[in-house]
Amino acid sequence: MKIATYNVNGVNGRLPVLLRWLHETAPDVVCLQELKAPQEKFPLKAIEDAGYQAIWHGQKSWNGVAILSRGHEIQELRRELPGDEEDTHSRYIEAIINNMVIGCLYLPNGNPAPGPKLEYKLGWFERLHAHAAELLTHDVPVILAGDYNVMPTELDVYKPERWVDDALFRPEVREAFKNLVDQGWTDALRKIYPNEVIYTFWDYFRNAYGRNAGLRIDHFLLSPHLKKRLLNAGVDKEVRGWEKSSDHAPTWIELSEE
DNA sequence: ATGCCCGTGACACACGGA
C-alpha cells in the first residue's frame, strides 16, 4: 500500500500537475496540504474522475487539507486538531482507511520569529503532541503525515547555518519535533535513508531546485505497529521540475499488508 | 539585510509562504 503526502500550494492552480502525478504514480492514499481553496471550490469532480474518493477541509485563500483514497473507504474521524476552540485554521484532518488512522497535517510556518506566529506554531505543536500521545494509547496503526514545517536535523537543510534563527529550524522547534518522535514514532524517510541528503521542498527563489538547495520538511511519522511494515519511502523529486509545480515535491511510503 | 517566485483574491497590490 502506497501512501503519499503533497503540499500542493493551491489545489486549483495545481490541478494539472496533481492529476498527472496521480495518474503516473497511483498512490492508494494521498494527504494534501495548502489547498488554498474554500470548501465549495475543492475540485471534487476531477479528483473522482481520477479514481479517488476525498474528504477535505477547505479555507479561503490559506491552509486547507484533504485526504484522497483509491479503493478503500474513508471514515472521517475529525477535521480539526483538538485543544483550541479559537483556532480557525484548516490544518488537520483525520480518517480511518484500511484499518489505519491517517492524520493529515499542515503545521504552521511560524515566521517571522520570534513573535506571535512562532508562539502559534509552538502551541500547535503542543496540541499535536497531546493528540499524538492519545492516538498511541489505542493500539491501532497510525500515520501522521504532512507538512511539519520543521527540518529535524542539519542533514535536512542545504545550509544549516543560514537557518538557525528561522522558525523552521530554531532549536525549540526542532526540540518540539524530537519530543513528538520520542513518544515512539518512526520518521519513515529517515528510517529508509539514515544518512542520505533527501529533500522535499525547494524554494521558488534563486533557482533553488536547480542548485538542490532544499529542505526536508514533509514527514511521515509511523506508530510502532507500522515500523515493521515499512517497505520503502521516497520523494517524487522530478515533479518539482514540472511546469507550474508546487514548491514541495510529493513524498511517499510503501507499507506491507499486515 | 533584502528581494528573488508563487497562488489567492480581486483588479492593484497585499499577504502568506519557508
Side-chain angles (χ1 to χ4, degrees), chain A residues 5-21 31-43 46 56-66 87-92 104-122 124-125 145-174 176-177 189 197-219 235 237 239-251:
Chain A
T5 183
Y6 188 16
N7 179 323
V8 287
N9 187 16
V11 71
N12 287 305
R14 203 68 56 222
L15 197 55
V17 168
L18 175 62
L19 294 175
R20 177 182 167 194
W21 169 73
C31 296
L32 298 179
Q33 302 86 34
E34 278 210 86
L35 302 179
K36 290 190 171 180
Q39 189 68 12
E40 66 276 12
K41 294 264 181 71
F42 183 82
W56 68 99
H57 190 192
Q59 186 170 348
K60 187 175 165 182
S61 304
W62 299 308
N63 311 316
V65 283
D87 184 1
T88 56
H89 294 197
S90 296
R91 294 183 177 276
Y92 189 80
C104 168
L105 65 100
Y106 174 45
L107 222 132
N109 176 303
N111 281 308
K117 297 203 172 178
L118 179 63
E119 295 311 307
Y120 174 63
K121 179 178 197 169
L122 293 171
W124 212 93
F125 240 127
D147 177 0
Y148 283 72
N149 271 317
V150 182
M151 295 85 88
T153 72
E154 297 201 341
L155 188 57
D156 302 313
V157 198
Y158 66 99
K159 263 195 188 212
E161 67 277 11
R162 285 207 185 162
W163 288 83
V164 285
D165 293 325
D166 190 279
L168 277 68
F169 198 55
R170 291 171 71 89
E172 64 269 44
V173 173
R174 275 184 272 169
F177 184 82
L189 269 285
V197 167
I198 181 158
Y199 297 139
T200 66
F201 168 91
W202 296 261
D203 210 310
Y204 287 122
F205 303 161
R206 310 178 201 93
N207 187 33
Y209 181 64
R211 297 184 297 121
N212 197 28
L215 308 173
R216 187 174 75 97
I217 56 177
D218 300 275
H219 307 299
V235 177
K237 184 177 177 180
V239 176
R240 177 61 182 83
W242 291 358
E243 191 86 5
K244 303 278 284 176
S245 164
S246 169
D247 39 8
H248 296 249
T251 304

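Lettering of chains follows the sequences in order, A, B, ..., and the numbering in each one begins at 1.
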Is there any salt bridge (Lys or Arg N to Asp or Glu O under 4.0 Å) pair reaching into residues 203-212 of chain A, and which pairs are they, with sequence neighbours excluded?
none

For a quick test of reading the model, state the closest non-hydrogen atom pair linking A/Asn7 to A/Gln33 and the distance between them.
N-OE1, 3.4 Å

Over all heavy atoms of both residues, which pair between A/Trp163 and A/Leu215 is shortest? Give the atoms and the distance, please.
CH2-CD1, 3.8 Å

Whole Å only: how far is the [atom1] atom of [X] from the [atom2] atom of [N]?
X	N	atom1	atom2	value
A/Asp147	B/dG17	CG	P	10 Å
A/Gln59	B/dC15	CD	P	17 Å
A/Asn9	B/dG16	CG	C1'	10 Å
A/Lys36	B/dG17	NZ	C1'	6 Å
A/Asp218	B/dA18	CG	P	9 Å
A/Asp247	B/dC4	CG	C1'	14 Å
A/Phe177	B/dA18	CZ	P	16 Å
A/Trp163	B/dG17	CH2	P	13 Å

For A/Asp166 and A/Lys60, take the nucleotide of DNA chain B holding the closest heavy atom to each; which residue's nucleotide lies nearer the 5' end?
A/Lys60

Taking for each residue the nucleotide of DNA chain B with the nearest heavy atom, is it A/Ser245 or A/Ser61 whose nucleotide lies nearer the 5' end?
A/Ser245

Please enumerate all protein N or O atoms sitting under 3.5 Å from an N or O of nucleotides 12-14 of chain B, with distances to 0.1 Å.
none

Do A/Lys36 and A/Asn9 have side-chain N/O donor and acceptor atoms under 3.5 Å apart?
yes

Return yes if a side-chain donor-acceptor contact under 3.5 Å exists between A/His89 and A/Tyr120, otherwise no.
yes

Does a nitrogen or oxygen in the side chain of [X] sit under 4.0 Å from OP1 or OP2 of [N]?
X	N	result
A/Asn7	B/dA18	yes
A/His248	B/dA18	yes
A/Lys244	B/dG7	yes

Between [N] and [M], how many Å separate the two [atom1] atoms, rounded to a whole number?
N	M	atom1	result
B/dA12	B/dG3	P	24 Å
B/dC11	B/dC15	P	15 Å
B/dA10	B/dG16	P	15 Å
B/dA18	B/dC5	C1'	12 Å

Any side-chain heavy-atom pair of A/Gln39 and A/Trp56 under 4.5 Å
yes

Decide yes or no for A/Val65 and A/Tyr92: does some side-chain heavy atom of the first lie under 4.5 Å from some side-chain heavy atom of the second?
no

Just how far is it from atom CG of A/Leu107 to atom NZ of A/Lys121, taken to the nearest 0.5 Å?
6.5 Å

Would you give the length of the straight line joining atom CD1 of A/Ile198 to atom CG of A/Asp156, rounded to the nearest 0.5 angstrom?
9.5 Å

Centre of A/Tyr199's six-membered ring, under 6.0 Å away, within 45 degrees of the axis: is that where NZ or CZ of A/Arg216 sits?
no

Check each of A/Val11, A/Asp147, A/Val239 against A/Tyr6 using the side chain to side chain contact (heavy atoms under 4.5 Å, CB included) test, and report the only one that passes.
A/Val239

Interface residues of residues 199-215 of chain A with DNA chain B (non-hydrogen, below 4.0 angstrom)
A/Phe201, A/Tyr204, A/Phe205, A/Arg206, A/Leu215

Do any of residues 106-113 of chain A sit with a heavy atom less than 4.0 Å from DNA chain B, and if so which?
A/Tyr106, A/Asn109, A/Asn111

Run the salt bridge (Lys or Arg N to Asp or Glu O under 4.0 Å) test against A/Arg14 and tell me which residues pass, sequence neighbours left out.
none

A/Arg240 meets the salt bridge (Lys or Arg N to Asp or Glu O under 4.0 Å) criterion, sequence neighbours left out, with none

Give one of base, sugar-phosphate or nothing for A/Lys121, where a contact means two heavy atoms less than 4.0 Å apart.
nothing

